[in-house]
Amino acid sequence: MRKSVASSSAWPGSVLVRGRGMSEGEGGGVTAMEMPYEVDGVNSVAGVRQGRESLPPETSTGVTAKVAGRLMLLRRQGKLAFGDLVDSSGRIQVMLSSRKTEGFDRFVHERVIGDWLAVEGEVITTKSGELSILADRWELLARTQRSFGDKWKGISDPDLRFRQRYVDLWVNPEVRRRLQSRSAVVSRIRSVLAEKDFMEVETPILQPIASGAAARPFVTHHNALDMDLYLRIAPELYLKRLVVGGFERVFEIGRDFRNEGISPRHNPEFTMLELYQAYTDMYGMMELAELLVAEAALAATGSTSVAYQGEQFDLAPPFKRDSMESLVSKALDQEIALEMGAERLAALARKAGLDPAPHLEAGHIVMELYEELVEPELRDPIFVTGFPQVVSPLARRHRDPEMAGRAERFELVVGGRELANAFSELTDPAIQRQHFEEQVAEREQGNAEAMAFDQDYVRALEYGLPPTGGMGIGIDRLVMLVTDAAHIKEVIAFPTLRPEQS
RNA sequence: GCGCCUCUAGCUCAACGGCAGAGCAACGGACUCUUAAUCCGCAGGUUCUGGGUUCGAAUCCCAGGGGGCGCACCA
């Protein structure tokens, strides 16, 4: 009878409770407009708990505290009432008594699970020993007009969880912990890089050409300029322009956008750390990768040993290193090398059950063998080196003449997934131009992800890029790893979803 | 894009060809130490939508929609 006061009630979870589409003033309580504008003297729940975890039952501390948060459980017991108040730091029990608490009857009759409250009173422990706040007074900060789902099971429908994350955060506590861990990881990365004299910068998200990675971009349009712009697929080329401009150590933590499929590991927008450091190379990047990954694990879990989906990974440096060809050889139980040529490699690939497209170069086939047979099987952190030059258009050729055809590039893989990708950056404008031309040719042969030609970037290189190491780390996947998340949507507060349908 | 699974009360789920139900939430009440409190009472439905089969459809079939998983895609 009482549902559907508002027009917005078609959506699950939308039934308005207790006639709450109306202001409470009609029941003699406060109206929305009479809610407080500020709440003074609020202590965090964690702060109140601090140092009081093992008080004996029925302790009166004599200390008064005020906490604020959302009421998530309510146990009415005649002239007593107990509630669980939750804030971002934790949960604490509040105890109200008809003798001690102002407005006790209003509390019992008007409050529902989900209301925001401030509660002030003495910090005590109950007969059963639970740390509680025995309320002298309480104050309503906001009412909920909608219910929070089953109090034991919460909500489990994934669509509902992601669309209404503000509910998910309250009823599924691990969601809150994950997002807090994500923040801690990003914060730690910033401070580690700051200590190493990196400067945080911001480069364009709207770009006239989307380059720097192999991916399909989103297209948008600027009306006044009457021109199409792309949402960036990578900040790489702009960051290296800044190195050309004289900033020796720069990094950016920001969103990239790729117009591709959505999967447990892919969201159309995702957060990438990219950093560039002059006067070093891929080996300098390896040290930095080890440091950043280990620090991320420490920030999230307090340990460099992390449990992930039933596996245990040791993220303490140093990480193993091996070359792509060596790893593929082990997987095939047969020595392979780029020098075998495309035909023989393609035959091996077919024998291994793959179906390499025609006209691929040897490097492409080795890469395919690696991605299909090796990468998913790699467990503990490992730097995979010796990437074919042909799949590394922005990386510098290997300095060792015996490594001809390979680039100075590595990917860091943990648990079968790529966590970081780094190069000794290609600095030679003529070679860069040639690589872009090859990418354009690939695109013409049907590789829709081949990189776009960026003329100005070549011009920037013509002004001189010093020897530079560069690296990208996928923040979402890193956070997944250190928070034991199976799905990228679990580490993104608001993942991309289809629009809610009426 | 293809395949498989799924959609029932606000939430979590039963009923699987024969009167659409439970727990929680909500609402009314009892209870001075609860912990998913308990107890009594009340209310809550276009069974995703449309069509078909049938005496009879939440249930079977077809189409559409939402969601999930896998494949493809994603260096």
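Just so it is clear, the structure is predicted and the values come from calculations on it, not from any experiment. Order of the sequence lines fixes the chain letters, A, B, ..., with proteins taken first and strands second; residue numbering starts at 1 for each chain.
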J.: Is RNA chain B part of any stem, that is, at least 3 consecutive Watson-Crick or G-U pairs with both distances under 3.5 Å, and where?
T.: B:1-7 with B:65-71, B:10-13 with B:21-24, B:27-30 with B:38-41, B:48-52 with B:60-64
J.: Whether A/Glu339 and A/Arg406 form a salt bridge (side-chain N of Lys/Arg under 4.0 Å from carboxylate O of Asp/Glu) is what I want to check.
T.: yes
J.: Side chain of A/Arg163 only, heavy atoms from C-beta on: which candidate in B/A26, B/G67, B/C13 is closest?
T.: B/G67
J.: Using a strict 4.0 Å threshold on nitrogen-to-oxygen distance, state whether A/Asp84 and A/Arg75 make a salt bridge.
T.: yes
J.: Within the 4.5 Å heavy-atom criterion, are A/Glu438 and A/Glu442 side-chain neighbours or not?
T.: no
J.: Could you write out each protein N or O paired with an N or O of nucleotides 32-34 of chain B at a distance under 3.5 Å?
T.:
{"unit_1": "B/U32", "atom_1": "OP2", "unit_2": "A/Lys79", "atom_2": "N", "d": "3.1"}
{"unit_1": "B/U32", "atom_1": "O4", "unit_2": "A/Arg99", "atom_2": "NH1", "d": "3.1"}
{"unit_1": "B/C33", "atom_1": "O2", "unit_2": "A/Lys127", "atom_2": "N", "d": "3.0"}
{"unit_1": "B/U34", "atom_1": "O2", "unit_2": "A/Arg75", "atom_2": "NE", "d": "2.5"}
{"unit_1": "B/U34", "atom_1": "O2", "unit_2": "A/Arg75", "atom_2": "NH2", "d": "3.2"}
{"unit_1": "B/U34", "atom_1": "O2", "unit_2": "A/Gln93", "atom_2": "OE1", "d": "3.3"}
{"unit_1": "B/U34", "atom_1": "N3", "unit_2": "A/Gln93", "atom_2": "OE1", "d": "2.8"}
{"unit_1": "B/U34", "atom_1": "N3", "unit_2": "A/Gln93", "atom_2": "NE2", "d": "3.0"}
{"unit_1": "B/U34", "atom_1": "O4", "unit_2": "A/Gln93", "atom_2": "NE2", "d": "2.7"}
{"unit_1": "B/U34", "atom_1": "O4", "unit_2": "A/Thr126", "atom_2": "OG1", "d": "2.8"}
{"unit_1": "B/U34", "atom_1": "O4", "unit_2": "A/Ser128", "atom_2": "OG", "d": "3.4"}

J.: Would you measure the distance from the C1' atom in B/C62 across to the matching atom in B/C71 and give it in whole Å?
T.: 26 Å
J.: Between A/Asp256 and A/Arg232, does at least one N-O distance fall below 4.0 Å, as a salt bridge requires?
T.: yes
J.: Looking at A/Glu130 and A/Arg91, is any side-chain nitrogen of the basic one under 4.0 Å from a carboxylate oxygen of the acidic one?
T.: yes
J.: To the nearest Å, give me how far apart CG (A/Leu74) and C1' (B/A26) are.
T.: 12 Å
J.: Of the options B/U12, B/G10, B/A26, whose atoms approach the side-chain atoms of A/Ile155 most closely?
T.: B/U12
J.: Mind checking if A/Pro57 touches a base, just sugar-phosphate, or nothing, with heavy atoms under 4.0 Å?
T.: nothing
J.: Flag the pair A/Arg258 and A/Glu269 as a salt bridge only when some basic side-chain nitrogen lies within less than 4.0 angstrom of an acidic carboxylate oxygen.
T.: no
J.: With a 4.5 Å cut-off on side-chain heavy atoms, are A/Asn421 and A/Glu418 touching?
T.: yes
J.: So which nucleotide from B/U12, B/C31, B/C24 ends up closest to the side chain of A/Lys151?
T.: B/C24
J.: Would A/Arg176 pass as a cation-pi partner of A/Trp170, given that its NZ or CZ must be under 6.0 Å from the six-membered ring centre and within 45 degrees of the axis?
T.: yes
J.: Under 4.0 Å between a side-chain nitrogen and a carboxylate oxygen: does that hold for A/Arg409 and A/Glu411?
T.: yes
J.: Take A/Arg265 and A/Leu497, find for each the nucleotide of RNA chain B with the closest heavy atom, and name the residue whose nucleotide sits nearer the 5' end.
T.: A/Leu497
J.: For RNA chain B, which residues of residues 484-494 of chain A approach it to below 4.0 angstrom with any heavy atom?
T.: A/His487, A/Lys489
J.: Given B/C11, is OP1 or OP2 found less than 4.0 Å from the side-chain N or O atoms of A/Lys153?
T.: no
J.: Does anything in residues 124-145 of chain A form a ring-ring contact (aromatic ring centres under 6.0 Å, His included)? List the pairs, not counting sequence neighbours.
T.: A/Phe107-A/Trp138
J.: Can you tell me how far P of B/A26 sits from CG of A/Leu73, to the nearest Å?
T.: 10 Å
J.: On RNA chain B, nearest-nucleotide positions of A/Pro158 versus A/Trp152: which is more 5'?
T.: A/Trp152
J.: Kindly assign one of parallel, tilted or perpendicular to the pair A/His487 and A/Phe162, based on the angle between their ring planes and the thresholds 30° and 60°.
T.: tilted
J.: When the ring planes of A/Phe453 and A/Phe436 are compared, do they come out parallel, tilted or perpendicular, using 30° and 60° as the limits?
T.: tilted
J.: Distance check needed: B/C11 P versus A/Phe148 CZ, whole Å only.
T.: 14 Å
J.: List in numerical order all residues of residues 377-388 of chain A for which some heavy atom is under 4.0 Å away from an atom belonging to RNA chain B.
T.: none
J.: Classify the nucleic acid contact of A/Gly114 as base, sugar-phosphate or nothing, counting any heavy atom under 4.0 Å across all strands shown.
T.: nothing
J.: Which whole number of Å gives the distance between the C1' atom of B/G17 and that of B/C2?
T.: 33 Å
J.: Do the charged groups of A/Arg399 and A/Asp281 touch, with an N to O distance under 4.0 Å?
T.: yes
J.: Heavy atoms under 4.0 Å, any strand shown: does A/Met324 hit a base, just sugar-phosphate, or nothing?
T.: nothing
J.: Using atom types as modelled, flag every donor-acceptor pair under 3.5 Å from a side chain in residues 469-479 of chain A to any protein atom, sequence neighbours excluded.
T.:
{"unit_1": "A/Asp476", "atom_1": "OD1", "unit_2": "A/Arg182", "atom_2": "NH1", "d": "3.0"}
{"unit_1": "A/Asp476", "atom_1": "OD1", "unit_2": "A/Arg182", "atom_2": "NH2", "d": "3.0"}
{"unit_1": "A/Asp476", "atom_1": "OD2", "unit_2": "A/Thr271", "atom_2": "N", "d": "2.7"}
{"unit_1": "A/Arg477", "atom_1": "NH2", "unit_2": "A/Arg265", "atom_2": "O", "d": "3.4"}
{"unit_1": "A/Arg477", "atom_1": "NH2", "unit_2": "A/His266", "atom_2": "NE2", "d": "3.4"}

J.: Counting any heavy atom closer than 4.0 Å, what does A/Asp157 reach on the DNA or RNA strands: base, sugar-phosphate only, or nothing?
T.: sugar-phosphate
